[in-house]
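In the text below, chain A, chain B and the rest are named by the order of the sequence lines, each starting its count at 1. The figures here come from the full heavy-atom set of this structure, side chains too, leaving out hydrogens, waters and symmetry mates.
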Amino acid sequence: MNRNRRRRNEDDNGWAEWGGYFEAKKSKLQEQFRETAATEVEKISDIFKGVAIIVNGLTNPSAEELKKLMAEHGGVFHIYQHSSTTHIVASNLPNVKISKLGSVPIVKPSWITDSITLGKLLDYRRYLLYTNQSTSQPKLDFPVVNRTAKTASDPDFLGEFYNNSRLHLIATLGAEFKQLVAELRDRPERHFPGREKLLEIPTRLNCFVPAPVIMHIDMDCFFVSVGLRTRPELRGQPVAVTHARRAQINANKEREEAVTMNLDRQPEMIEVQMIDGKSSMSEVASCSYEARKCGVKNGMFLGAAAKLCPDIKTIPYDFEGYKEVSMTLYKTIASYTLDIEAVSCDEMYVDITEIFRIFNLSVEDWARHIRAEIMSVTGCPCSTGFGANRLQARLATKKAKPAGSYYLRPDDVEAYMAEIALADLPGVGRATLQKLKGLGLETCGDVQVASLSVLQRELGSKAGETLLEQARGVDKKPLNFHHERKSVSAEINYGIRFKSLDECHNFLESLSNEVWNRLDEVKMRARCVSLKLMVRAADAPVETAKFLGHGICDSFSKSTTTNYVITDPKSIYKEAKSLYEKLHVDFAELRGMGIQLTKLEKIAPINPTLNKFLQKTPTKREQIPVVAVPKPTVTSSKPIPKEKSTRGRPKGGKKAPTSSKNSLSNFFKSKKENAKLQHKQVEIDFEVLKELPQDIRDEVIREYNLDVDLAKPKPQPAAEDKILVPTETKKRSHFEGLQWCQLRPILYAWMKSEKEPANVDVEMLGEHFKQLALDRQIDMLKIAFNFLHRTFGQLDCRWHRAYHAIVDLTQQGMLARYGSMLFVNKDFDCCFC
DNA sequence: ATCCTCCCCTAC
DNA sequence: TAAGGTAGGGGAGGAT
């Protein structure tokens, strides 16, 4: 991506390449495995003689593994498609790409694994990824036995499911647009070609718009509108986007029973009550306003929707179309401003204040202009709402829909709000609404006069407070243009019916790979893995009403904070598997599984100077001070001090391990040897020495013939030095297995990394930071290690580079003077200076 | 008092 | 048949 971006066209604000965004993602995958060194493999068979594959997109097994399998079994692996390529292997390939791939058959990866399992080349036609189920897909000339990955027991399931999941698409597209807005804003240049068009709008006098103005823009029934672009004959009719084509399915006794049994259990699900054993339980992803008039809602089962609206027409999904239209939408808005908070693929907030300030437009002029432009470039209608904050803008959109615009003027807010139904407030969902009903509250007007304490008692302190504010049209949350990820997860609660523990483990492994790929994609690393399970409720029927749905479930989750930074999918799988064992759930009862990663860290150093330095190959000079210290054998290491570390200790009443002593002792031995080697004098920091356990300290003093009188303290250290050394009141156990380090330079480096060095008052920041640490009662050592870890942890532990980066900064006058420093990583590699 | 874990809720 | 994902806010209750 980065490389592509540098090539960008200066005139288009980066858009030319944004169009190629998804393209770029795919080619990156290719780069990844091209870089993988060819591994020498032992030939096992000749199953794939004459077969030459390329891999397109994510697969399971991965491209790398397929490459190895092909080599082992006499096949050929191409990185790019070639005239001699015989098959394309893919788990999910957007329809739009198929036409470009020509006549080479596209097969599922299980063709390869199954062939190997059975020891012979199977007929690939049974493994074709595409069948002629949709007009946009290529027609196939031969009969196809469509082997669909129905349940999670199938290795192709994950990709196939995500390829067809609307919710997955919505979630991932939303996240991608958030990230893209952030990236665009990070570019130094600002270029808004769209604004020129505004000059053509005749300016009027007296169209003062009080600042700030927030615009909320939302496509009207997005999926339907995209689908109707090519189906004009359905305009004005009740239309729904669903997987199913018909609202009735063939009668099936078992299913009728299952439906009835589930109905008994879920009387609150109104739409479920409207269905019977013959109704389709395919969900309506989006429905037209004509369908909504009959009471049809998004998320409803098609069977239920058809009961309300017998004329309803169904149209299939068009995932590529959604991507394309949302891209165009964002592109259009961003040609006017980058003050955008992406909400989802079809919705965003835009701070429009600046545009009004510059162009002297009325809200109506602007709305008419932008809505017309969006209509013309996407072929889809949208609605816009304007207000002084995001809440007002959003409620205005509600009134504007469909295909309209509304400005909620500051003077009208109070009266307007009183009429708003509580259900229309963002954040008020099913559960909250029920609670409020219990209090006899239905409109914002009711809430306006309710007491805060009552609301808080019912909804919790935070939600109570926000609700009261919302009811008055107040929204203090500013738009967030720079979104930072706090978690990455992958979850599937459909098609989970394991027949063996192996199947369950395999699926968990696929999920681990998936979630790892997503983490890597956003260039982050994690330190916490959570596993979420959906388990059939004890009294729920084994057969669910919805085909392969999760039915009525209990959900459980468990997490583990690792004492290392996760740097591969195998670690995720290992942790997830162990969490699964701890939850004691029978694989046969599972109905859903998910893995979530939290405690995320950015993969790259933030400081550009440090970054640049770290990329350099170290010179000989730079390598000298690195001292390797043998790993302590007594205990496992903990890279970042954790209050809970003592809890994780062996419970058998063992004494706390003495790793600290051992490694310190070792450390000084190595230090001495190293000094001899270099014929250099050894410097030992007084404060470090003071903190050593008595016996080691004595040893060090003896070893080095030090002239130190610990009883007579050395000159009073500067104020900030005092806090650098953990005091005796701090529990030593926090730092078991860790070494001391001089903190000031590190903290300065940290602070510098977030603000550019120029014009930063180091002393002031130091004070500020100290206060922060004291206020929050965080150990300075913990902060320092967090920093070190976050910045350098993934760089193959090149601590010497970290050190020299800091020295470098110091020499440039960018850091304060530093004293002796000791850096330690989780493997007890040390560098000292 | 504050943090952490395991939930629940909400939005698209 | 059908494709019930994902991220963030926040609260209860236990641990420290």
K.L.:
So does A/R485 get a side-chain nitrogen or oxygen closer than 4.0 Å to the phosphate oxygens (OP1/OP2) of C/dA7?
P.N.:
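Looking at the OP1 and OP2 atoms of C/dA7, one of them is under 4.0 Å from a side-chain N or O of A/R485.
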
K.L.:
Rounded to whole Å, how long is the line connecting atom CD of A/E458 with atom P of C/dG10?
P.N.:
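Answer to the nearest Å: 18 Å.
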
K.L.:
Given atom CZ of A/F161 and atom P of C/dT1, what is their separation to the nearest angstrom?
P.N.:
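Between P of C/dT1 and CZ of A/F161: 16 Å.
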
K.L.:
For A/E491, which residues count as a side chain to side chain contact (heavy atoms under 4.5 Å, CB included) partner, sequence neighbours excluded?
P.N.:
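Only A/N493, A/K532 meet the side chain to side chain contact (heavy atoms under 4.5 Å, CB included) criterion with A/E491.
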
K.L.:
Using a 4.0 Å cut-off on protein heavy atoms (strictly under), produce a 5'-to-3' string for nucleotides 6-12 of chain B with B for base contact, S for backbone-only sugar-phosphate contact, and - for none.
P.N.:
SSSSSSB

K.L.:
Looking at A/K546, I'd like to know whether one of its side-chain N or O atoms comes within less than 4.0 Å of OP1 or OP2 on C/dA3.
P.N.:
yes

K.L.:
Between A/K477 and C/dG9, is there a side-chain N or O to OP1/OP2 distance below 4.0 Å?
P.N.:
no

K.L.:
Would you say A/H168 reaches C/dA3's phosphate, i.e. side-chain N/O to OP1/OP2 under 4.0 Å?
P.N.:
no

K.L.:
Once you apply a heavy-atom cut-off of 4.0 Å, does A/I492 come out as touching a base, just sugar-phosphate, or nothing?
P.N.:
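Answer is sugar-phosphate: A/I492 comes under 4.0 Å of backbone atoms only.
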
K.L.:
List the residues meeting ring pair (Phe, Tyr, Trp, His ring centres under 6.0 Å) with A/Y162, not counting sequence neighbours, and say none if there are none.
P.N.:
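Expected list: A/H168.
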
K.L.:
With the threshold set at 4.0 Å, does a side-chain nitrogen-carboxylate oxygen contact exist between A/D276 and A/K307?
P.N.:
yes

K.L.:
Within the pair A/S165 and C/dG4, is there a side-chain N or O less than 4.0 Å away from OP1 or OP2?
P.N.:
yes

K.L.:
When you check the phosphate oxygens OP1 and OP2 of C/dT6, does a side-chain N or O of A/S487 lie under 4.0 Å from one of them?
P.N.:
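Looking at the OP1 and OP2 atoms of C/dT6, neither is under 4.0 Å from any side-chain N or O of A/S487.
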
K.L.:
Rounded to whole angstrom units, what separation is found between the CG atom of A/L459 and the P atom of C/dG9?
P.N.:
18 Å

K.L.:
Measure from NE2 on A/H243 to P on C/dG5 and round the result to the nearest Å.
P.N.:
12 Å

K.L.:
Identify which nucleotide among B/dT5, C/dT6, C/dA2 has an atom closest to any side-chain atom of A/R518, counting heavy atoms from C-beta outward.
P.N.:
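Selected nucleotide (nearest to the side chain): C/dT6.
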
K.L.:
When you look at CD of A/E543, are more than 12 heavy atoms from neighbouring residues, nucleotides or ligands closer to it than 6.0 Å?
P.N.:
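12 or below, so no.
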
K.L.:
Atom CE of A/M300 and atom P of C/dA2: how far apart are they, to the nearest Å?
P.N.:
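Spelled out: CE on A/M300 to P on C/dA2 is 16 Å.
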
K.L.:
Report the residue (A/Y494 or A/A463) whose heavy-atom-nearest nucleotide on DNA chain C is the more 5′ of the two.
P.N.:
A/Y494

K.L.:
Taking everything shown except A/K150 itself, do over 12 heavy atoms lie less than 6.0 Å from its NZ?
P.N.:
no

K.L.:
By the 4.0 Å heavy-atom rule, please label A/A175 as base, sugar-phosphate, or nothing.
P.N.:
nothing

K.L.:
Would A/S326 and A/M219 satisfy side-chain contact (heavy atoms from CB on, under 4.5 Å), going step by step from the backbone distance to the final call?
P.N.:
CA-CA 9 Å; A/S326 48; A/M219 303 300 285; over 6 Å; no

K.L.:
Between A/E514 and A/K150, who's closer to the 5' end of DNA chain C by nearest nucleotide?
P.N.:
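Its nucleotide being nearer the 5' end, the pick is A/K150.
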
K.L.:
Whether A/N493 contacts C/dG5 is assessed here as follows: a side-chain N or O lying under 4.0 Å from the phosphate OP1 or OP2. Is that the case?
P.N.:
yes

K.L.:
Under the criterion of centre distance below 5.5 Å and interplanar angle below 30°, is A/H550 classified as stacked on the base of C/dG4?
P.N.:
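A stacking contact exists, since A/H550 sits close and nearly parallel to the base ring of C/dG4.
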
K.L.:
Under 4.0 Å: is that the gap between some side-chain N or O of A/Y317 and OP1 or OP2 of C/dA2?
P.N.:
no

K.L.:
Tell me whether A/E458 is salt-bridged to A/K435, with the criterion being a basic N under 4.0 Å from an acidic carboxylate O.
P.N.:
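A/K435 and A/E458: not salt-bridged.
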
K.L.:
Charged N to carboxylate O below 4.0 Å: is that the case for A/D520 and A/R525?
P.N.:
yes

K.L.:
Between C/dA3 atom P and A/L158 atom CG, what is the distance in whole Å?
P.N.:
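Checked: the CG to P distance equals 17 Å.
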
K.L.:
Would you tell me if any nitrogen or oxygen in the side chain of A/R166 comes within less than 4.0 Å of OP1 or OP2 on C/dA2?
P.N.:
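No, because none of the side-chain N or O atoms of A/R166 sits under 4.0 Å from OP1 or OP2 of C/dA2.
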
K.L.:
Between C/dA7, C/dG10, C/dG5, spot the one nearest the side chain of A/V488, thanks.
P.N.:
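In terms of side-chain proximity for A/V488, the closest of C/dA7, C/dG10, C/dG5 is C/dA7.
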
K.L.:
Please give, in whole Å, the distance from B/dT5 C1' to A/K599 NZ?
P.N.:
9 Å

K.L.:
If you look at every strand shown and take non-hydrogen atoms under 4.0 Å, does A/E484 touch a base, only sugar-phosphate, or nothing?
P.N.:
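The answer is sugar-phosphate, as A/E484 gets under 4.0 Å only of primed atoms, P, OP1 or OP2.
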
K.L.:
Measure CG/A/L531 against P/B/dT5 and give the value in whole Å, please.
P.N.:
15 Å

K.L.:
Counting only side-chain N and O atoms of A/H483, is one of them less than 4.0 Å from OP1 or OP2 of C/dG8?
P.N.:
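Answer is yes, contact under 4.0 Å.
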
K.L.:
Under a 4.0 Å threshold between the charged nitrogen and the carboxylate oxygen, would A/E320 count as salt-bridged to A/K323?
P.N.:
yes

K.L.:
Over all strands shown, is A/T242 touching base, sugar-phosphate only, or nothing at heavy-atom distances under 4.0 angstrom?
P.N.:
nothing

